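In what follows, a structure is listed as structure tokens, so that the remarks can point back to it.
Quick caveat, the model's predicted, so the values are computed rather than measured. What's counted below: heavy atoms across the whole structure, side chains too, no hydrogens, waters or symmetry copies.
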Amino acid sequence: MFAVVVMLLVVTLTTFAIFFVIPKWAGADPALLFVGKQADPAAIEGIRQKLSLGDPVLVQFWHFVQGLFVGRDYANGTDVTHCPAPCFGYSFRTEQAVWPQLTDAMPVTLSLAAGACLLWLVGGITTGVVSALRRGTLWDRSAMTVALAGVSLPIYFTGLLSLAIFSYSLKWVNVDYKGLGDDPAMWFESLILPWITLAFLYAAMYARLTRATMLEIMGEDYIRTARAKGLRERVVIGRHAMRSTWTPVLTLLGLDLGALLGGAVLTETTYNLPGLGRLAVNAITEKDLPVILGVTLIAAVFIVVANLVVDLLYAVIDPRVRLG
């Protein structure tokens with residue numbers, strides 16, 4: 001846990017330096033980004049004082065970290081605005097607090113990631129296991145050909161193709177996003193194409209990984225021993241081979257899921273989903289530094305948490321792994 005805290009602190013410091021210190025060294029003024037180039041000098045100076053942009057870098061970073069845990073006061077003359085914790089500051093463009101924007105976008109990205117993850121795990125692992133057990137058959141060659149297509153085709157191609165066929169031409173699905181609490185049926189309908197599109201890419205990778213791992217494991221001595229003891233093939237596959245297969249799959253899952261929760265940028269942009277990915281794209285386009293910083297930190301938290309969960313699952317799947 002200590003390592004997790006240190007990692008998040010390092011990520012926070014690095015991200016803060018990238019988005020606030022380096023532009024300042026290059027001559028850019030965050031106060032101008034906030035008020036616009038046409039603002040009068042008094043307004044620019046007021047924002048500079050309100051955001052404490054004239055303070056030393058370490059003091060600014062301390063105020064930022066302090067805002068994450070206990071909140072922060074922004075003073076502009078006698079006018080004081082309190083930003084409650086966790087405070088990521090205020091958007092340069094909308095002048096609204098960043099944290100509510102993140103919490104509004106987070107359920108969309110979580111919905112997208114959870115549904116796609118379920119599909120690609122079931123589809124990818126099942127396909128990989130069956131292909132390994134039927135190596136060289138028509139099923140194996142067909143499945144690996146489809147998997148190769150899934151890995152090769154970019155999401156913006158498969159996403160736009162699925163939109164053109166199933167939404168615009170056949171009109172089978174409506175992709176206008178609705179929240180789960182607003183309309184569960186519309187929520188499911190609006191996410192079914194993004195789920196399948198995203199799962200198609202990842203399932204292809206997991207099918208290839210599972211097949212390669214299974215082929216290697218099936219030649220191990222302990223598999224031959226299990227068969228020699230008279231165990232049924234279903235037990236050999238399910239109890240012995242699959243347990244070893246899960247380790248590399250979990251490693252890849254931790255990396256993929258963490259990165260995906262941080263923002264499935266292409267998928268959310270293609271299907272116009274109001275998640276963290278699209279929020280990040282809009283913030284980058286508008287040079288909205290506090291929002292970019294907020295999305296980056298949330299993505300880092302997701303990646304660290306996902307890998308922490310994977311490390312815990314290692315010990316559950318493989319008793320030889322012990323956590324120190």
Side-chain angles (χ1 to χ4, degrees), residues 105-132 143 146-147 149-151 153-155 158-159 162-163 166-167 172-175 177-211 213-214 237-238 241-243 245-271 273-278 298-299 301-314 316-317:
M106 224 178 297
V108 181
T109 301
L110 288 173
S111 300
L112 175 64
C117 179
L118 180 63
L119 288 179
W120 89 55
L121 278 180
V122 174
I125 293 175
T126 303
T127 303
V129 170
V130 175
S131 293
V146 174
V151 172
L153 294 175
I155 285 180
T158 54
S162 67
L163 273 176
F166 298 106
S167 182
W172 285 357
V173 292
N174 187 345
V175 293
Y177 180 79
K178 293 289 184 183
L180 178 61
D182 299 328
D183 189 336
M186 277 299 300
W187 170 81
F188 181 84
E189 185 179 350
S190 63
L191 284 174
I192 188 68
L193 279 184
W195 281 338
I196 294 174
T197 301
L198 198 54
F200 182 52
L201 168 65
Y202 285 92
M205 292 189 288
Y206 282 74
R208 291 162 62 88
L209 174 66
T210 304
R211 178 182 182 275
T213 307
M214 281 290 293
I237 300 298
M242 283 305 299
R243 172 167 289 186
T245 304
W246 271 110
T247 302
V249 170
L250 276 179
T251 303
L252 185 61
L253 179 64
L255 297 173
D256 289 340
L257 196 57
L260 184 63
L261 287 171
V265 176
L266 291 177
T267 307
E268 291 179 2
T269 303
T270 301
Y271 291 99
L273 296 173
L276 290 173
R278 202 183 73 175
I298 291 296
V301 170
F302 281 148
I303 292 173
V304 170
V305 171
N307 281 279
L308 179 63
V309 172
V310 167
D311 287 344
L312 295 175
L313 288 176
Y314 280 151
V316 175
I317 292 175

Spacing of Leu250 atom CG and Leu255 atom CG [to the nearest 0.5 Å]: 11.0 Å
CG-OG1 distance between Leu266 and Thr270, expressed to the nearest 0.5 angstrom: 6.0 Å
Check whether any side-chain heavy atom of Leu180 sits under 4.5 Å from a side-chain heavy atom of Pro107, and report yes or no. no
Has Ser190 got a side-chain atom pairing as donor or acceptor with Trp187's backbone, closer than 3.5 angstrom? yes
For residues Tyr177 and Val108, determine if any side-chain heavy atom of one lies less than 4.5 Å from a side-chain heavy atom of the other. yes
Which heavy atom in Thr245 sits nearest to a heavy atom in Met214, and how many Å separate them? OG1-SD, 3.2 Å
For the residue pair Thr127 and Gly123, what are the closest heavy atoms and their distance? OG1-O, 2.6 Å
Taking every heavy atom of Ser167 against every heavy atom of Val175, the minimum-distance pair comes out as OG-CG2, 4.0 Å
Main chain of Ile303, side chain of Asn307: is a donor-acceptor contact present, judged purely on distance under 3.5 Å? yes
In this structure, is the centre-to-centre distance between the rings of Phe188 and Trp195 below 6.0 Å? yes
On a heavy-atom basis, which atom in Ala147 and which in Ala204 lie closest, and how many Å separate them? O-CB, 3.1 Å
Using the side-chain contact (heavy atoms from CB on, under 4.5 Å) rule, pick out the option among Leu198, Leu193, Leu201 that qualifies with Thr267. Leu198
Positive for side chain to side chain donor-acceptor pair (under 3.5 Å) with Asp256, one of Trp120, Tyr202, Tyr206: Tyr206
Rounded to the nearest 0.5 Å, how far apart are CZ of Arg208 and OG of Ser131? 11.0 Å
Check whether any side-chain heavy atom of Thr109 lies under 4.5 Å from a side-chain heavy atom of Glu268, and answer yes or no. yes
With the side chain counted from C-beta on, respond yes when Val129 and Arg211 share a heavy-atom pair under 4.5 Å apart, and no when they do not. no
CD1 of Ile125 to CE of Met242, rounded to nearest 0.5 Å, is 5.5 Å
Atom pair CE (Met106) and CD1 (Ile298), whose distance is rounded to the nearest 0.5 Å: 4.5 Å
Side chains of Leu253 and Cys117: closer than 4.5 Å at any heavy-atom pair? yes
Kindly compute the distance separating CD1 (Ile192) from CG (Leu119), expressed to the nearest 0.5 Å. 6.5 Å
What verdict does the side-chain hydrogen bond (donor to acceptor under 3.5 Å, both in side chains) test give for Tyr314 and Thr251, after you've listed the backbone C-alpha separation in whole Å, the side-chain angles of each residue and the deciding distance to 0.1 Å? CA-CA 9 Å; Tyr314 280 151; Thr251 303; 2.2 Å; yes
Applying side-chain contact (heavy atoms from CB on, under 4.5 Å), can you list everything that pairs with Thr197, at least two apart in sequence or on another chain? Ile155, Thr158, Ser162, Tyr271
Is there side-chain contact between Leu273 and Leu191, with heavy atoms separated by less than 4.5 Å? yes
